Amino acid sequence: MPTEIVTTDDLREFKLDLIKEIKQLFAAHHGQPTKKWLKSYEVRKLLGISPGTLQNLRVNGTLPFTKIGGVIFYDSEEIQKMMMENRVQNRFEFGRKK
């Protein structure tokens, strides 16, 4: 088995490549959950809402869910879709001169 010498330049290049790949992974997920299905406590934590608010979102049909054996699951893509559909554009232009 031949021996290979690793230089500090090799290590530096490896580090830069590794950092680049990690940044690409973070950019791909862009803060989105990596799991497909989330439980209620995960959705509440993600959205920063109370159990009652989450229940209201279910009851009024704003947020689709799946119930299996008493456990409620939410599709992470549906949560992102709901957030985009209910997005409000800022109607005021602060600091802009007319």
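Because the structure is predicted, anything quoted here is derived from the model rather than measured.
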Measure the [atom1]-[atom2] distance between [X] and [Y] for me, rounded to the nearest 0.5 Å.
{"X": "Ser40", "Y": "Ile49", "atom1": "OG", "atom2": "CD1", "value": "9.0 Å"}
{"X": "Leu47", "Y": "Leu38", "atom1": "CG", "atom2": "CG", "value": "9.0 Å"}
{"X": "Leu18", "Y": "Leu11", "atom1": "CG", "atom2": "CG", "value": "11.5 Å"}
{"X": "Met83", "Y": "Leu46", "atom1": "CE", "atom2": "CG", "value": "7.5 Å"}
{"X": "Thr3", "Y": "Ile5", "atom1": "OG1", "atom2": "CD1", "value": "8.0 Å"}
{"X": "Tyr74", "Y": "Ile79", "atom1": "OH", "atom2": "CD1", "value": "8.5 Å"}

> If only atom types and distance count, is the side chain of Glu42 paired as donor or acceptor with the main-chain N or O of Lys39 below 3.5 Å?
Replying inline: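 Here the side-chain-to-backbone pair exists.
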> Residues two or more places apart in sequence or in another chain: which of them pass side chain to side chain contact (heavy atoms under 4.5 Å, CB included) with Asp9?
Replying inline: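 If we apply the side chain to side chain contact (heavy atoms under 4.5 Å, CB included) test to Asp9, skipping adjacent residues, the hits are Thr7, Arg12.
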> Residues two or more places apart in sequence or in another chain: which of them pass side chain to side chain contact (heavy atoms under 4.5 Å, CB included) with Gln55?
Replying inline: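 With sequence neighbours excluded, Gln55 shows a side chain to side chain contact (heavy atoms under 4.5 Å, CB included) to Arg58, Val59, given in chain and number order.
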> Does a sphere of radius 6.0 Å around CD in Glu13 hold more than 12 heavy atoms from other residues, nucleotides or ligands, not counting ones at 6.0 Å or beyond?
Replying inline: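 Counting neighbours around CD of Glu13, 12 or fewer heavy atoms of other residues, nucleotides or ligands fall under 6.0 Å, so no.
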> Looking at residues at least two apart in the chain, or sitting in another chain, which of them share a side-chain hydrogen bond (donor to acceptor under 3.5 Å, both in side chains) with Asn60?
Replying inline: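 Scan of Asn60 (side-chain hydrogen bond (donor to acceptor under 3.5 Å, both in side chains), adjacent residues dropped) gives Thr62.
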> Who passes side-chain hydrogen bond (donor to acceptor under 3.5 Å, both in side chains) against Arg44, sequence neighbours left out?
Replying inline: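 Result, side-chain hydrogen bond (donor to acceptor under 3.5 Å, both in side chains) vs Arg44: none returned.
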> Less than 4.5 Å apart, any side-chain heavy atom of Lys67 and any of Val71?
Replying inline: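 Not touching, per the 4.5 Å side-chain cut-off.
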> Should Val43 and Leu57 count as side-chain neighbours, where that means a heavy-atom distance under 4.5 Å?
Replying inline: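 No; the side chains remain at least 4.5 Å from each other.
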> Got a sec, which pairs hit salt bridge (charged side-chain N to carboxylate O under 4.0 Å, His left out) with one end in residues 81-90, sequence neighbours left out?
Replying inline: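 As it turns out, there is no salt bridge (charged side-chain N to carboxylate O under 4.0 Å, His left out) pair with a partner in residues 81-90 once direct neighbours are skipped.
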> Looking at residues at least two apart in the chain, or sitting in another chain, which of them share a salt bridge (charged side-chain N to carboxylate O under 4.0 Å, His left out) with Asp75?
Replying inline: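 Expected list: Lys36.
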>> Taking Phe73 as the starting point, is it possible to reach Phe65 by hopping between hydrophobic residues whose side chains are less than 4.5 Å apart?
In response: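 No; Phe73 is not reachable from Phe65 via cluster members.
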